[in-house]
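Structure record follows, encoded as structure tokens.
So you know, we letter chains A, B, ... as the sequences are listed, proteins then strands, and number each from 1. Hydrogens, waters and symmetry mates play no part in the numbers below; they use all other heavy atoms, side chains included.
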There are 2 protein chains.
Amino acid sequence: MFPSREDLHEAKRQAVLRQAATSFNARGFHATSLADVAAGLGVTKAALYHYFPNKNALLAACFDHAMALCFACLDKGRAEGRNGRERLLLTLSGYIAQIIDDLSCAVVLLEEGALEADDYAKVIAERDRFEKALRGLVREGVKDGSIVPCDPKLVVFIMLGALNWVPKWYRPGGRWKPEQIAAALAEVFDRTLSSTPAAAMTTEVARISGRRAKARAAEPPAPASDPPDPGPPKRRGTRARTNGAAKAR
Amino acid sequence: MFPSREDLHEAKRQAVLRQAATSFNARGFHATSLADVAAGLGVTKAALYHYFPNKNALLAACFDHAMALCFACLDKGRAEGRNGRERLLLTLSGYIAQIIDDLSCAVVLLEEGALEADDYAKVIAERDRFEKALRGLVREGVKDGSIVPCDPKLVVFIMLGALNWVPKWYRPGGRWKPEQIAAALAEVFDRTLSSTPAAAMTTEVARISGRRAKARAAEPPAPASDPPDPGPPKRRGTRARTNGAAKAR
DNA sequence: TCCATATCCGACCGGGCGGTTAGATGACCG
DNA sequence: CGGTCATCTAACCGCCCGGTCGGATATGGA
């Protein structure tokens, strides 16, 4: 028999965690009782205590899981992107997929305050590390010319805000499929950051083709130059041209 | 004597509301007890019941107030902007100032679920109206050429997400002043939406000059054309040029 | 087969919170 | 001065929720 005793235990633990994350996301941490979580699994409250010592530990585990996923996205983005902008947008695409698809433990991000002091410190530290890494990608993009000069801290805040807000309006059965949303957001962020901003964006998210490369990664590998951004395209492509230096300093 | 009996009552009511909003924002609705709110005002729990029938009514009042401010911003933006993009960005600048400065009742937006059914329906209806209006501004901007073709619904979601996230990272005593943040966000959104995106943005929010026109409203009134966006500037200004049609459909 | 252990349940406890009530205080008005 | 009403408090109630406990059932190893 494959599933050993410990395997089963771990599997159930995961199930509890997922259910808890779902409930917390739906109604908020404080508004969710352990009885709610248990009911969602068809067991009673007391059963949960076989897998977690208390409610706060459950929340902490949600955060840990979410942060782990964040860093996984970061690694993937770093590996697959060809310049700073691509790496950043690939990372964020992954992040959003995680938020939408994965029953998203992540969005619990809203209730950090509910954590106990030491758990809180740990999560915040991790989150800071993640944000610092994103800012690093932005700086990288500015340096290699794929991203316009900007304040990395600010743009990262903006993007994370937009992403973390998604669960507020995303409707699982709705007309916008997760991949479409991820692609659309990447497109908008690309417009914001790219040193060669698009002249137009998709006018209907619902019409974005299913499989669509994110972060412009699949665009023709830029006829001319390579990894560092192609710079102003030869002429009248799908890119807008920015004018002048100014503001930057 | 100026303050009549009713005036005093109303003033205290407002004080209760502000305190409640502050507490709700800080710790969340469910995590805030009425005793907390009362303590913040130096009174006891029972006193609050002279001004609000129950805790939920308090929350509902917060939402009402917040939504009223939203529509005030909208009116102001509509009146002062010279094209769709300006009107939109002015509105959002006001919105953010409200969130940051005004002890922000608004951010309670996160706990809508805590409202009772009928209050909930009312707030959601108002919020939808507001979002619809913003989308209208986007469409307007696309039509008058100040905003690139895009999906209005999506970009509004993105912007509201970014804005509603601000309270998560804004620190009252910090290096970024509220006006700087408002200006910086407007600049980034401008980069995202403008049909003539800037070639660079501010690289340090903390260095943005105090009084700074928002939404590009104060830029030289565009030597040539008028209200509708100046279109691609004559040559090498501070604006990037976008290339081609493509994507739009 | 029998013991040890894991799993889960029903019942319970203690505390905290929303909400109520009775009464004390004081301001206004005739 | 006396009555009325607003204001606010202290004390209390009932409920719900996090957490615990003893016991029932099942599972697996020797």
Side-chain angles (χ1 to χ4, degrees), chain A residues 1-21 23-24 26-62 108 111 113-117 119-120, chain B residues 1-24 26-62 108 111 113-120:
Chain A
M1 61 185 86
F2 267 175
S4 79
R5 189 84 135 252
E6 277 167 9
D7 288 340
L8 280 180
H9 187 84
E10 184 54 27
K12 288 185 185 176
R13 212 185 106 100
Q14 291 297 328
V16 171
L17 205 146
R18 289 174 74 91
Q19 177 63 44
S23 299
F24 292 164
R27 272 157 300 180
F29 176 72
H30 291 286
T32 303
S33 75
L34 288 184
D36 290 338
V37 177
L41 294 165
V43 296
T44 62
K45 183 176 52 165
L48 301 184
Y49 284 84
H50 279 269
Y51 306 97
F52 293 92
N54 56 48
K55 196 186 181 188
N56 281 291
L58 245 178
L59 185 62
C62 286
V108 198
E111 310 248 11
L115 288 166
E116 268 155 6
D119 288 332
Y120 179 79
Chain B
M1 60 184 85
F2 266 177
S4 80
R5 190 86 132 250
E6 279 167 9
D7 288 342
L8 280 179
H9 188 86
E10 184 55 24
K12 287 184 185 176
R13 211 186 106 101
Q14 291 297 328
V16 171
L17 205 146
R18 290 174 74 89
Q19 179 63 44
T22 306
S23 298
F24 291 164
R27 271 157 302 179
F29 176 72
H30 291 285
T32 303
S33 76
L34 288 183
D36 290 339
V37 177
L41 294 164
V43 297
T44 63
K45 182 177 53 166
L48 302 184
Y49 284 84
H50 279 269
Y51 306 97
F52 293 92
N54 55 46
K55 196 186 180 188
N56 280 292
L58 245 177
L59 185 62
C62 286
V108 197
E111 310 247 11
L115 288 167
E116 268 154 8
D118 47 346
D119 288 334
Y120 180 79

Is any side-chain heavy atom of B:K12 closer than 4.5 Å to one of B:L41? no

Atom CZ of A:F29 and atom P of D:dG18: how far apart are they, to the nearest Å? 8 Å

Tell me what B:A47 touches on the nucleic acid: a base, only sugar-phosphate, or nothing, going by heavy atoms under 4.0 Å. base

Just call it for B:F52: base, sugar-phosphate, or nothing, with non-hydrogen atoms closer than 4.0 Å on any strand. nothing

Calculate the interatomic distance between B:R13 atom CZ and D:dA6 atom P; express it in whole Å. 16 Å

Does a side-chain N or O from B:K12 land closer than 4.0 Å to OP1 or OP2 of D:dC8, or not? yes

For the side chain of A:K55 and the base of D:dG19, is some donor closer than 3.5 Å to an acceptor across the two? no

Would you kindly give the NE2-to-P distance between B:H9 and D:dC5, to the nearest whole Å? 16 Å

Report yes if the side chains of B:T22 and B:V37 come closer than 4.5 Å at any heavy-atom pair, otherwise no. no

Do B:F29 and A:H30 have ring centroids that are under 6.0 Å from one another? no

Could you check how far NE2 of B:H30 sits from C1' of C:dG18, rounded to whole Å? 13 Å

Length of the line joining B:N54:CG and D:dC15:P, which is rounded to integer Å: 18 Å

Would you say that A:Y51 contacts A:L58 through its side chain, given a criterion of any heavy-atom pair below 4.5 Å between the two side chains? no

Whole angstroms only, please: what is the NE2-P distance between A:H50 and D:dT25? 16 Å

Within a strict 4.5 Å, meaning less than it, do heavy atoms of the A:L115 and A:N56 side chains meet? no

For C:dT7, does OP1 or OP2 lie under 4.0 Å from any side-chain N or O of A:Y49? no

From the options C:dT21, C:dG10, C:dG18, select the nucleotide whose nearest atom is closest to the side chain of B:A46. C:dT21

Provide, to the nearest angstrom, the distance between the OH atom belonging to A:Y51 and the P atom belonging to C:dA6. 11 Å

Which sits closer to the 5' end of DNA chain D, A:P53 or B:V43, going by the nucleotide each is nearest to? B:V43

Gap between atoms CG and P, on B:L34 and D:dC8 respectively (whole Å): 15 Å

